[in-house]
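So the structure is just underneath, and the comments pick up after that.
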Number of protein chains: 2
Amino acid sequence: MDSHAAHIHYGHMHEPQDINTDAPPTLADVAAAAGVSTATVSRCLNNPELVTEKTLERVLAAVDHLGYSPNFSARALASRRTNMIGAIIPTMDNAIFARGLQAFQEELQKNGCTLLVASSSYKQDLEEEQIKALTARGADALLLIGYHRDPGIYAFLEKRRIPVLVAWAYDPAKPYLCVGFRNRDAMKRLAEKVLEAGHRKLGCITAETAANDRARERVDGIRDAMAAADLAPDTLEIVETTYSIESGDQAFRQLMQDTDTPTAIMCGNDVLAVGALRAAADMGLRVPEDVSITGFDNIELASVSPQPLTTVHVPHRRMGQYAAQALMKVLSGGDVPASLELPADLCMRATLAPPRKP
Amino acid sequence: MDSHAAHIHYGHMHEPQDINTDAPPTLADVAAAAGVSTATVSRCLNNPELVTEKTLERVLAAVDHLGYSPNFSARALASRRTNMIGAIIPTMDNAIFARGLQAFQEELQKNGCTLLVASSSYKQDLEEEQIKALTARGADALLLIGYHRDPGIYAFLEKRRIPVLVAWAYDPAKPYLCVGFRNRDAMKRLAEKVLEAGHRKLGCITAETAANDRARERVDGIRDAMAAADLAPDTLEIVETTYSIESGDQAFRQLMQDTDTPTAIMCGNDVLAVGALRAAADMGLRVPEDVSITGFDNIELASVSPQPLTTVHVPHRRMGQYAAQALMKVLSGGDVPASLELPADLCMRATLAPPRKP
DNA sequence: GCCTCAAATGTAAGCGTTTACATTTTTCAT
DNA sequence: ATGAAAAATGTAAACGCTTACATTTGAGGC
């Protein structure tokens with residue numbers, strides 16, 4: 001059975017010196033070794049159905065023997081496709097994006113695509129820069145977080161025909177493919193629970209809202225619930241701060257230093273909430289007896305903090321996974337995938353209770 | 001002063017139809033617009049010092065006018081350099097790698113390089129696959145975690161002349177560029193503290209050691225300290241498990257179910273330790289009065305868990321940053337950077353105390 | 001066997017850069 | 001002014017692949 005393998009002659013017999021050269025083998029080397037043209041080798045690799053079983057076998061043997069692996073730059077140049085997908089996230093330091101990105105990457109991998117990563121540090125101008133940088137690098141498509149960005153940048157992407165998917169937000173009114181949930185609605189539902197518990201004076205610790213529509217929407221969700229309960233909007237005391245436990249701690253102290261302090265503090269994310277929890281403990285305030293605190297995201301932190309945090313569960317991994325699937329579908333040119341709304345369910349745990357009677 | 005700008009004629013006057021074509025402009029377009037050769041344009045972009053101020057200005061104006069941005073695939077093909085650096089980490093789900101990667105990426109960005117990410121899920125064969133995949137993609141250099149891998153893969157990388165940097169470990173005896181700390185020594189120091197506190201029966205919860213030299217080294221560190229204190233090696237009860245809070249929880253219960261249970265449980269990382277902490281609370285065991293628990297990594301989790309965790313601080317961000325700097329230096333062809341040992345200091349907090357007297 | 005048509009393969013022109021090398025222009029000592 | 005050397009620019013050949021188109025091969029109906 002091996003006999004006809006011996007008929008394959010690898011390399012040119014008249015050019016013995018190019019055996020074992022240190023440059024990696026090229027398509028042409030494989031073609032020569034298999035005794036076919038480069039076009040056929042290319043076909044074997046990319047469209048095997050266009051090729052006889054016999055040649056396929058022979059070519060694959062040569063590929064194997066030579067240890068050939070295609071040069072992606074050349075492939076990209078010729079096919080005008082890089083098979084690289086870019087993701088621009090605020091920061092990987094934030095567990096929610098790290099988790100989502102991990103799922104995104106796993107899914108891309110299954111489809112032979114590679115993940116190109118850049119981060120914007122929650123800065124709008126930096127994000128624009130990164131979008132330009134990754135498209136310049138040839139990213140075939142882009143994963144972006146939230147809707148908020150300059151219309152010019154959307155125009156730029158459209159003109160370049162770069163498919164884009166917005167994640168961590170869902171708004172069917174917007175003309176972009178997206179996967180996520182309704183931040184505003186989710187926070188409104190949580191705020192309703194807070195109001196139902198009897199709280200009338202609320203505080204809010206939020207990430208900076210300037211370039212962050214998710215944060216903004218969550219604050220608006222609280223306002224919606226308050227309005228529905230006929231509470232004056234200015235009853236809501238808001239502190240805007242950066243993303244860290246320490247910031248949450250500081251912000252909590254700031255909210256609690258005045259007279260007539262809020263009886264419930266709603267935080268824009270779990271990290272801030274855990275900071276608030278820490279500050280409360282440090283100030284000798286019991287949660288939820290003396291003050292209620294809520295979070296958002298349901299990261300691991302939320303389940304092991306001193307009191308299990310009442311928060312909103314966000315399906316980070318599913319978002320990352322669907323994002324990859326949708327983008328792959330767009331690139332394959334098939335039918336356009338639909339935007340997907342995922343549920344963001346309340347996690348009622350231990351840090352919300354009725355306010356102390358005065 | 002503007003007058004001579006008017007002398008620049010953009011585009012060929014005899015080819016009016018190629019204005020506003022949808023394909024992005026190429027080097028040749030810029031060259032034509034500026035009235036120079038493509039070589040000159042290329043020089044303006046890559047080696048401006050080789051070009052007259054006047055032409056530079058003219059070319060840059062054309063670049064600007066046309067909105068030209070170089071095609072990276074073509075550039076990579078011609079220059080045999082992709083300016084992409086690959087990182088293969090176990091998982092971004094793990095905060096320590098997410099943090100390190102974030103710093104790594106920030107530093108790369110400063111140097112005009114892009115980050116290519118893949119994850120191995122702590123599986124050796126998957127890691128090999130990813131190494132091959134990223135090199136095939138043309139990664140100019142690679143960031144790898146820990147030393148443990150098949151010698152064949154090191155040979156492969158050497159043959160391909162792909163610079164590699166090992167992070168999260170430091171072993172001057174190994175022939176690879178690295179940045180990290182001595183896992184074994186750090187854990188040994190922590191174990192010494194545990195023994196000094198009077199513990200004689202230790203337990204250990206570790207991540208799977210098969211393909212994870214960091215985990216293995218940490219366990220060995222405990223053994224070292226025990227040996228130095230003349231304790232029989234089999235006094236150490238070890239449970240090996242996967243990386244998650246829940247696993248830490250389970251493992252703790254397992255260790256504590258026998259008679260003659262350990263008085264101190266040393267965990268291979270903070271996540272497992274937090275799980276142990278949770279299990280202890282659930283079982284009605286007070287920490288550290290009834291049992292001591294230690295972690296490793298000093299992630300945020302460790303400072304906000306019910307009891308502040310005694311652990312080892314690992315400088316994740318500095319590792320990521322130095323890794324990028326070192327790799328950039330290697331690629332620039334200058335002097336070879338040195339491996340860097342970073343300190344891993346003990347964080348003595350609230351979960352370690354002397355054992356209860358029996 | 002012959003012809004037609006489809007399947008398989010080959011040929012060669014790109015893809016958009018970089019970079020030796022060749023050529024032209026400038027500088028400057030004479 | 002002149003010539004040599006240096007600086008600036010141009011020419012054109014890679015880089016390694018894909019793919020439209022041309023050519024060859026083979027199958028099947030007659």
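Labels below follow one simple rule: chain letters A, B, ... track the order of the sequence lines, proteins then strands, and each chain is numbered from 1. Note that this is a predicted model, so its numbers are computed, not measured.
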message: Could you check whether any side-chain heavy atom of A:Pro48 comes within less than 4.5 Å of a side-chain heavy atom of A:Arg43, counting everything from C-beta outward?
response: no

Identify each donor-acceptor pair in which a side-chain atom of residues 138-146 of chain B lies under 3.5 Å from a protein atom, sequence neighbours left out, and give them as a table.
unit_1, atom_1, unit_2, atom_2, d
B:Asp140, OD1, B:Thr82, N, 3.1
B:Asp140, OD1, B:Thr82, OG1, 3.3
B:Asp140, OD2, B:Thr82, N, 3.1
B:Asp140, OD2, B:Asn83, N, 2.6

- prompt: Please give, in whole Å, the distance from C:dC15 C1' to B:Asp29 CG?
  reply: 13 Å

Residue A:Val36, side-chain atoms from C-beta onward, closest of C:dA12, C:dG10, C:dT18: C:dG10

message: Taking 4.0 Å as the cut-off, does a side-chain nitrogen or oxygen of B:Thr55 come that near to OP1 or OP2 on D:dT9?
response: yes

message: Checking contacts here: which listed nucleotide (D:dG10, C:dC15, C:dT11) is nearest the side-chain heavy atoms of A:Ala78?
response: C:dC15

- prompt: Would you say a side-chain N or O of A:Arg81 is under 4.0 Å from OP1 or OP2 of D:dT18?
  reply: no

statement: The reported gap from OH in A:Tyr147 to NZ in A:Lys174 (rounded to nearest 0.5 angstrom) is 6.0 Å

task: Respond yes when some side-chain nitrogen or oxygen of B:Arg80 is under 4.0 Å from OP1 or OP2 of D:dG16, and no when none is.
output: yes

Nearest-0.5 Å distance that lies between atom OG1 in A:Thr26 and atom OH in A:Tyr68: 7.0 Å

- request: Measure the distance from CZ on B:Phe72 to P on D:dG16 and round it to the nearest whole Å.
  value: 20 Å

statement: From CD of B:Glu57 across to P of D:dA8 the rounded distance in Å is 15 Å

- prompt: How many Å lie between CG on A:Leu27 and P on D:dC17, as a whole number?
  reply: 4 Å

message: Can you pull out the residues from residues 40-53 of chain B that lie within a 4.0 Å heavy-atom distance of DNA chain D?
response: B:Thr40, B:Arg43, B:Val51, B:Thr52

- request: Measure the spacing between CD of B:Gln130 and CD1 of B:Ile89 and express it to the nearest 0.5 Å.
  value: 11.0 Å

- prompt: Nearest-Å distance, CG (B:Asn71) to C1' (D:dT18)?
  reply: 15 Å

- line: Among the nucleotides C:dG10, C:dT17, D:dG10, whichever has the atom closest to the side chain of B:Pro70 is C:dT17

OP1 or OP2 of C:dT18 under 4.0 Å from side-chain N/O of B:Ser79: no

message: Rounded to the nearest 0.5 Å, what separates atom OG in B:Ser339 from atom CG in B:Leu165?
response: 7.0 Å

message: Run A:Glu57 and A:Lys54 through salt bridge (Lys or Arg N to Asp or Glu O under 4.0 Å) and show every step you take.
response: CA-CA 5 Å; A:Glu57 211 170 84; A:Lys54 223 158 115 181; over 6 Å; no

task: To the nearest Å, give me how far apart CG (A:Asn83) and P (D:dC17) are.
output: 15 Å

message: Is there a side-chain contact between A:Thr26 and the phosphate of D:dG16, meaning an N or O under 4.0 Å from OP1 or OP2?
response: no

- line: Rounded to whole Å, the NZ-C1' distance (B:Lys54 to C:dT26) equals 12 Å

